[in-house]
Amino acid sequence: MPELPEVEVVRAGLERHVVGSTIASVEVLHPRPVRRDHRGSTGFVAALVGQRIVAVRRRGKYFWLALANGDALLGHLGMSGQMLLHEPGAADERHLRVRFTLRVPGPDSARPPATLEMRFVDQRMFGGLAVSEGGAELPTEIVHIARDPIDPEFDDEEFVRRARRRTSAVKRLLLDQGLISGVGNIYADEALWRAKLHGERPGDRLTGPVLRDLLGHVRAVMGEALAQGGTSFDALYVNVNGESGYFDRSLDAYGQEGRPCGRCGTPIRRVAFMNRSSYFCPSCQRPPRTASRRAGGR
DNA sequence: ACTTACACCTGCCAGC
DNA sequence: TGCTGGCAGGTGTAAG
């Protein structure tokens, strides 16, 4: 489920419930999700135990828990990752990979601290966690990730300049996390549909106004998703459940193969693109000539 | 520096 | 029932 809006929902939920708490213990149940941590599982645990969480931050689809010693617990949800909060003792999920036990300070100094479990659950394990040394502000591991379009410091004109110098298809550019972060396959297709732009149009054949318009649609669709994603929160449960709400109702293109385009009624088409799928309206989103010739279309 | 293909994982579903 | 192939919201790496 995780593109920018979903990760932001997770970030906000973690911020609300774990900032101020201390990591009492860490249990790595599968080595793969910590593969990016060069310390290995044991070192990963040692670097975290006793640390206090002071902030939860995000860039694109990465999030991190800033620690009091200046390090960070950096995370990515991959295709199927979740960060869940539970009362201790809740039944283990089938794909529970890492368990953190947190000591949450009491509401006032007279009350005893409570215990909370934070769990990294990930079926496919494309996601992962790592301790980033000195990474509390911005982990060095992700300096190559561009700012995301929700970031107030995102530079629209720089994006337009760089995109117009690239020969790649515009959808590939939207998915390039070094150019603009947080956009995945769903929001790329949705923004392109709204912009009436075919994803295979090369970047260097697009004008500045067209790219600015596309950027506006990226922000709009993400903003709408974020507004709906924010409802999936419970007091002690960070619900990272991608099947809910938004996706069933509000998608105009993604996953809509054969259904009529909401603008013109033409059936939405699906084509293979970059080892995945692209959905678009063949009438509203005209393919570039070269792409249609290569695909054998008319 | 840019571009592209591929590897990395597990599970589910349709079709045989 | 069980097999197979195709598909799934992502990214790092390596080679051109």
Side-chain angles (χ1 to χ4, degrees), chain A residues 1-10 29-38 58-63 74-83 93-97 120-130 139-146 148 161-193 199-200 202-204 218 221-222 224-226 228-229 232 239-248 250-258 270-279 290-291 294:
Chain A
M1 29 103 330
E3 296 185 35
L4 184 151
E6 292 74 29
V7 180
E8 174 56 23
V9 169
V10 171
L29 293 107
H30 196 297
R32 181 159 175 82
V34 297
R35 67 194 176 283
R36 300 257 163 227
D37 197 306
H38 298 297
R58 182 188 58 73
R59 174 174 284 199
K61 304 170 197 171
Y62 285 90
F63 63 91
L74 176 64
H76 195 289
L77 300 176
M79 294 282 263
S80 52
Q82 295 175 289
M83 285 291 268
E93 290 79 4
R94 169 123 94 116
H95 303 292
L96 176 61
R97 308 305 187 189
F120 183 70
V121 176
D122 190 3
Q123 179 209 117
R124 293 176 70 185
M125 296 186 290
F126 285 3
L129 300 172
T140 57
E141 290 84 348
I142 61 166
V143 291
H144 65 290
I145 301 292
D148 58 66
R161 267 196 309 276
R162 292 180 64 192
R164 293 194 65 202
R165 278 192 255 118
R166 303 273 294 263
T167 58
S168 297
V170 62
K171 177 165 176 184
R172 196 184 281 275
L173 300 181
L174 285 179
L175 297 176
D176 183 343
Q177 305 296 303
L179 192 59
I180 177 172
S181 68
V183 184
N185 206 31
I186 290 179
Y187 296 112
D189 279 2
E190 292 300 305
L192 288 165
W193 181 87
E200 288 177 37
D204 62 2
V218 170
V221 69
M222 281 185 168
E224 290 166 34
L226 196 49
Q228 299 189 41
S232 62
N239 190 351
V240 190
N241 179 353
E243 299 95 87
S244 62
Y246 174 77
F247 294 104
D248 291 309
S250 309
L251 293 180
D252 289 305
Y254 185 86
Q256 307 300 305
E257 184 180 19
R270 180 176 78 86
V271 295
F273 181 75
M274 288 174 74
N275 283 333
R276 56 224 305 186
S277 295
S278 285
Y279 299 86
T290 51
R294 235 181 280 129

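Letters A, B, ... are given to chains in the order of the sequence lines, protein chains preceding strands, and every chain is numbered from 1. All values reported here derive from a predicted model rather than from experimental measurement.
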Checklist entry - A:Met79 has an atom CE; how far is it from atom C1' of C:dC7, in whole Å? => result 9 Å

Checklist entry - Could A:Arg58 and A:Asp148 be called an ion pair, given the rule that one side-chain N must be under 4.0 Å from one carboxylate O? => result yes

Checklist entry - Is A:Arg276 near enough to C:dA8 that one of its side-chain N or O atoms lies under 4.0 angstrom from OP1 or OP2? => result no

Checklist entry - DNA chain B in dot-bracket, Watson-Crick or G-U pairs under 3.5 Å, [ ] crossing, | other strand? => result .|||||||.|||||||

Checklist entry - Out of curiosity, A:Arg164 CZ to A:Arg162 CZ, how far, rounded to the nearest 0.5 Å? => result 15.5 Å

Next on the checklist: On DNA chain C, does the nearest nucleotide to A:Met274 precede the nearest nucleotide to A:Arg270 from the 5' side, or the other way round? Give the residue.
Outcome noted: A:Arg270

Checklist entry - Roughly how many Å is it from CD in A:Gln177 to C1' in B:dC2, rounded to a whole number? => result 17 Å

Next on the checklist: Taking only side-chain N and O atoms of A:His76, does any of them lie within less than 4.0 angstrom of OP1 or OP2 on C:dG12?
Outcome noted: no

Checklist outcome for this item: In whole angstroms, the gap separating P of C:dG10 from OH of A:Tyr187 amounts to 10 Å

Item to check | Full working for side chain to side chain donor-acceptor pair (under 3.5 Å) between A:Arg270 and A:Ser277 | outcome: CA-CA 6 Å; A:Arg270 180 176 78 86; A:Ser277 295; 2.9 Å; yes

Checklist entry - Whole Å only: how far is the CG atom of A:Leu173 from the C1' atom of B:dT4? => result 13 Å

Checklist entry - Whole Å only: how far is the CG atom of A:Asp122 from the P atom of C:dT11? => result 13 Å

Checklist outcome for this item: Nucleotide by nucleotide, nucleotides 9-15 of chain B touches protein heavy atoms under 4.0 Å in the pattern (B base, S sugar-phosphate only, - none) BBS----

Checklist entry - Is A:His30 close to A:His95 at the side-chain level, that is, under 4.5 Å between some pair of heavy atoms? => result no

Checklist entry - Mind checking the P distance from C:dA14 to B:dC9? Whole angstroms is fine. => result 15 Å

Checklist entry - Rounded to the nearest Å, what distance is computed from the CZ atom of residue A:Arg162 to the C1' atom of nucleotide B:dC2? => result 11 Å

Checklist entry - Roughly, in whole Å, what's the span from CG in A:Asp176 to C1' in C:dG10? => result 13 Å

Next on the checklist: Is it the case that C:dG9 (base atoms only) and A:Glu6 (side chain only) share a donor and an acceptor within less than 3.5 Å, ignoring hydrogens and angles?
Outcome noted: yes

Checklist entry - Can you name the closest pair of heavy atoms from A:Ile142 and A:Leu74 and give their distance? => result CG2-CD2, 4.1 Å

Item to check | Interatomic distance, A:Leu179 CG vs B:dA1 P [rounded to whole Å] | outcome: 15 Å

Checklist entry - Has A:Tyr62 got a side-chain N or O lying under 4.0 Å from the OP1 or OP2 atom of C:dG12? => result yes

Checklist entry - Is the shortest side-chain N/O distance from A:Arg172 to OP1 or OP2 of B:dC2 below 4.0 Å? => result no

Item to check | Flag side-chain contact, heavy atom, 4.5 Å: A:Glu190 against A:Leu251 | outcome: yes

Item to check | A:Val10 side chain near A:Gln82 side chain, heavy-atom distance below 4.5 Å | outcome: no

Item to check | salt bridge (Lys or Arg N to Asp or Glu O under 4.0 Å) against A:Asp252, all qualifying residues, sequence neighbours excluded | outcome: none

Next on the checklist: Looking at C:dG9, I'd like to know if its phosphate oxygens (OP1 or OP2) sit under 4.0 Å from a side-chain N or O belonging to A:Ser80.
Outcome noted: no

Next on the checklist: What's A:Arg36 touching, base or sugar-phosphate or nothing? Going by heavy atoms closer than 4.0 Å.
Outcome noted: sugar-phosphate

Next on the checklist: Tell me whether the side-chain N/O atoms of A:Ser168 come closer than 4.0 Å to OP1 or OP2 in B:dC2.
Outcome noted: no

Next on the checklist: Pick the closest DNA chain B nucleotide for A:Arg166 and for A:Asn275 by heavy atoms, then say which residue is nearer the 5' end.
Outcome noted: A:Arg166

Checklist outcome for this item: Separation between CE (A:Met79) and CZ (A:Arg124), nearest 0.5 Å, reads 4.0 Å

Checklist entry - How would you label the contact of A:Arg35 with the nucleic acid (heavy atoms, under 4.0 Å): base, sugar-phosphate, or nothing? => result nothing

Next on the checklist: Is the shortest side-chain heavy-atom distance between A:Leu175 and A:Lys171 below 4.5 Å?
Outcome noted: yes

